[in-house]
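Chain letters run A, B, ... following the sequence lines, proteins first, then strands; residues in each count from 1. What's counted below: heavy atoms across the whole structure, side chains too, no hydrogens, waters or symmetry copies.
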2 protein chains.
Amino acid sequence: MSPAARKAPKKEDRSDQLEEARRLWRAFVEQRGLNSSKTRDAVVDVFFETTAHATLQDLFDAARKRQTGVSFATVYRTMRLLDEAGLADARNFGEGKSTLYEVAAGRAHHDHLICEACGKIVEFVDEDVETLQDQIARRYGFSLLRHRHELYGLCATCHPRGGA
Amino acid sequence: MSPAARKAPKKEDRSDQLEEARRLWRAFVEQRGLNSSKTRDAVVDVFFETTAHATLQDLFDAARKRQTGVSFATVYRTMRLLDEAGLADARNFGEGKSTLYEVAAGRAHHDHLICEACGKIVEFVDEDVETLQDQIARRYGFSLLRHRHELYGLCATCHPRGGA
DNA sequence: CTAAGTGCAAAAAGTTTGCATTCCG
DNA sequence: CGGAATGCAAACTTTTTGCACTTAG
């Protein structure tokens with residue numbers, strides 16, 4: 001990757017996405033007849049600016065840093081709204097672990113690779129798998145609504161003879 | 001399926017499997033230096049005779065029917081042992097739902113189709129998907145340890161215009 | 001005996017919810 | 001004003017664990 005290539009290119013996309021997400025949120029709020037709220041908007045913003053997968057606790061902590069007085073309950077209720085709005089996806093990787101929220105607005109469907117050593121989460125898309133899933137569902141007479149496909153292993157860095 | 005085909009064929013397999021599972025359990029108990037216990041063996045038997053995916057509560061209820069005095073804690077601890085022994089697989093379908101245990105002894109790897117309407121769980125195997133998974137993991141530099149692949153939808157019976 | 005197994009009840013961990021209060025329109 | 005939004009603390013659900021007592025070897 002050339003030095004120049006690292007600079008501008010993605011940045012606009014990102015802030016466009018952010019803007020689009022906020023627009024969708026406002027639309028949802030209106031369409032649903034909700035009041036506007038400074039506290040909730042702070043949580044929404046914190047979430048939209050999130051790059052990684054975040055737990056309620058993460059979001060709560062982050063929100064507190066910019067808006068004191070946010071309660072866990074509000075973070076919880078806000079994330080539920082975002083989920084209903086289709087702007088957030090709630091994911092559960094592994095047994096007792098907390099639910100992770102990821103930004104869904106304007107993002108394509110994808111699945112996950114999870115490193116069991118360092119916890120790194122990589123998103124992937126594979127059309128062939130998607131196609132096969134449809135075939136499998138049909139084979140058993142199911143109509144497919146959604147799926148969960150997670151691959152657990154060790155990332156390059158965590159391999160016994162891992163690169164890096 | 002012919003009337004005759006429904007009868008004998010599978011039965012022997014099933015009791016063979018059961019016998020094999022019990023054998024593996026005894027081996028595990030010995031190898032691990034555990035004591036034998038009537039209570040725990042009752043739980044183990046109840047589990048091995050289970051056909052569907054069962055929660056701890058299911059197993060607890062079932063065990064109580066034949067052996068009064070079994071506690072939830074013992075069911076829990078027994079299932080943990082079976083899991084460690086590789087004789088039980090703990091699965092988690094969906095958010096807050098309880099862990100489901102399925103018999104693993106002598107069974108091939110498989111994934112699941114889950115009906116969101118009636119909760120029916122169907123197991124499936126698809127070699128092509130398995131192959132693709134390996135390729136995907138490699139593409140991202142991961143070495144694959146395990147995966148979770150669940151397809152959620154509506155089974156034939158629950159379709160809006162469902163068969164049956 | 002000594003270590004393993006068990007029941008009971010309480011602890012954890014993560015989510016949800018009831019309620020009185022405050023805020024938005 | 002009247003319905004929304006919020007904070008707080010308590011309720012819940014499911015999974016784990018501490019501890020005193022019982023049992024197998």
Side-chain angles (χ1 to χ4, degrees), chain A residues 25-26 28-47 53-61 63-85 88-101 119, chain B residues 25-47 53-85 88-101 119:
Chain A
W25 169 245
R26 284 195 296 274
F28 177 77
V29 167
E30 179 169 6
Q31 174 258 312
R32 187 99 150 211
L34 303 178
N35 282 350
S36 102
S37 142
K38 202 171 161 184
T39 307
R40 186 164 54 197
D41 283 348
V43 175
V44 170
D45 269 5
V46 163
F47 172 64
H53 298 70
T55 62
L56 286 177
Q57 189 65 52
D58 292 337
L59 295 166
F60 173 66
D61 294 341
R64 284 239 144 167
K65 283 185 187 155
R66 52 176 85 175
Q67 166 98 193
T68 53
V70 179
S71 70
F72 194 87
T74 291
V75 175
Y76 169 74
R77 291 189 269 233
T78 300
M79 292 316 295
R80 184 163 58 185
L81 284 177
L82 284 167
D83 193 35
E84 289 170 18
D89 272 347
R91 307 265 189 179
N92 274 273
F93 302 130
E95 184 74 15
K97 300 187 188 77
S98 292
T99 299
L100 295 178
Y101 292 86
Chain B
W25 169 246
R26 283 194 299 272
F28 177 78
V29 167
E30 179 169 8
Q31 174 257 314
R32 186 97 153 216
L34 304 177
N35 282 349
S36 102
S37 141
K38 201 170 160 186
T39 306
R40 186 164 53 196
D41 283 348
V43 175
V44 170
D45 269 4
V46 163
F47 171 64
H53 298 69
T55 61
L56 286 177
Q57 190 64 53
D58 292 337
L59 295 166
F60 174 66
D61 293 341
R64 283 238 143 166
K65 284 187 187 155
R66 55 176 82 176
Q67 167 97 194
T68 54
V70 179
S71 71
F72 193 87
T74 291
V75 175
Y76 169 75
R77 292 188 266 234
T78 300
M79 292 317 295
R80 184 163 58 185
L81 283 177
L82 284 168
D83 193 35
E84 288 169 18
D89 271 348
R91 308 267 188 177
N92 273 274
F93 302 129
E95 183 72 13
K97 301 189 187 75
S98 292
T99 298
L100 295 178
Y101 293 87

Checklist outcome for this item: Winner on side-chain proximity to B:L56, out of C:dT6, D:dA4, D:dT15, is D:dT15
Item to check | Working for side-chain contact (heavy atoms from CB on, under 4.5 Å), residues B:T78 and B:F47 | outcome: CA-CA 10 Å; B:T78 300; B:F47 171 64; over 6 Å; no
Checklist entry - Base, sugar-phosphate, or nothing for B:R77, non-hydrogen atoms under 4.0 angstrom? => result base
Checklist entry - Taking for each residue the nucleotide of DNA chain D with the nearest heavy atom, is it B:S37 or B:K97 whose nucleotide lies nearer the 5' end? => result B:K97
Checklist entry - Is the number of heavy atoms from other residues, nucleotides or ligands under 6.0 Å of A:Q31 CD greater than 12? => result yes
Item to check | Protein-nucleotide distance (B:M79, atom CE; C:dG5, atom P), rounded to Å | outcome: 16 Å
Checklist entry - When the distance from CZ of A:F28 to P of D:dA4 is rounded to whole Å, what number comes out? => result 13 Å
Checklist entry - Between B:G33 and B:V75, who's closer to the 5' end of DNA chain C by nearest nucleotide? => result B:G33
Item to check | Close side-chain approach of A:F28 and A:L82, heavy atoms under 4.5 Å | outcome: no
Item to check | Between D:dA5 (C1') and A:F72 (CZ): distance, integer Å | outcome: 17 Å
Item to check | Spacing between B:Y76 atom OH and C:dA13 atom P, to the nearest angstrom | outcome: 13 Å
Checklist entry - Closer than 4.0 Å, any side-chain N/O of A:R80 to the OP1 or OP2 of C:dT17? => result yes
Checklist entry - What integer distance in Å separates A:N92:CG from D:dT14:C1'? => result 14 Å
Checklist entry - Between C:dT17, D:dA4, C:dA4, which one does the side chain of A:A73 approach most closely? => result C:dT17
Checklist entry - Whole-Å distance between C:dT15 P and A:L59 CG? => result 11 Å
Checklist entry - Roughly, in whole Å, what's the span from NZ in B:K38 to P in D:dT22? => result 17 Å
Checklist entry - Would A:L56 and A:M79 satisfy side-chain contact (heavy atoms from CB on, under 4.5 Å), going step by step from the backbone distance to the final call? => result CA-CA 8 Å; A:L56 286 177; A:M79 292 316 295; 3.8 Å; yes
Next on the checklist: Output the rounded distance in Å from CZ (A:F60) to P (C:dG14).
Outcome noted: 14 Å
Checklist entry - Within the structure, does a side-chain N or O atom of A:T74 lie under 4.0 Å from either OP1 or OP2 of D:dA5? => result no
Checklist entry - Is the distance from OP1 or OP2 of D:dT13 to the nearest side-chain N or O of B:S98 less than 4.0 Å? => result no
Item to check | Stepwise side-chain contact (heavy atoms from CB on, under 4.5 Å) check, A:L34 with A:R40 | outcome: CA-CA 11 Å; A:L34 303 178; A:R40 186 164 54 197; 3.9 Å; yes
Checklist entry - Under 4.0 Å between a side-chain N/O of A:T99 and OP1 or OP2 of C:dT15, yes or no? => result yes
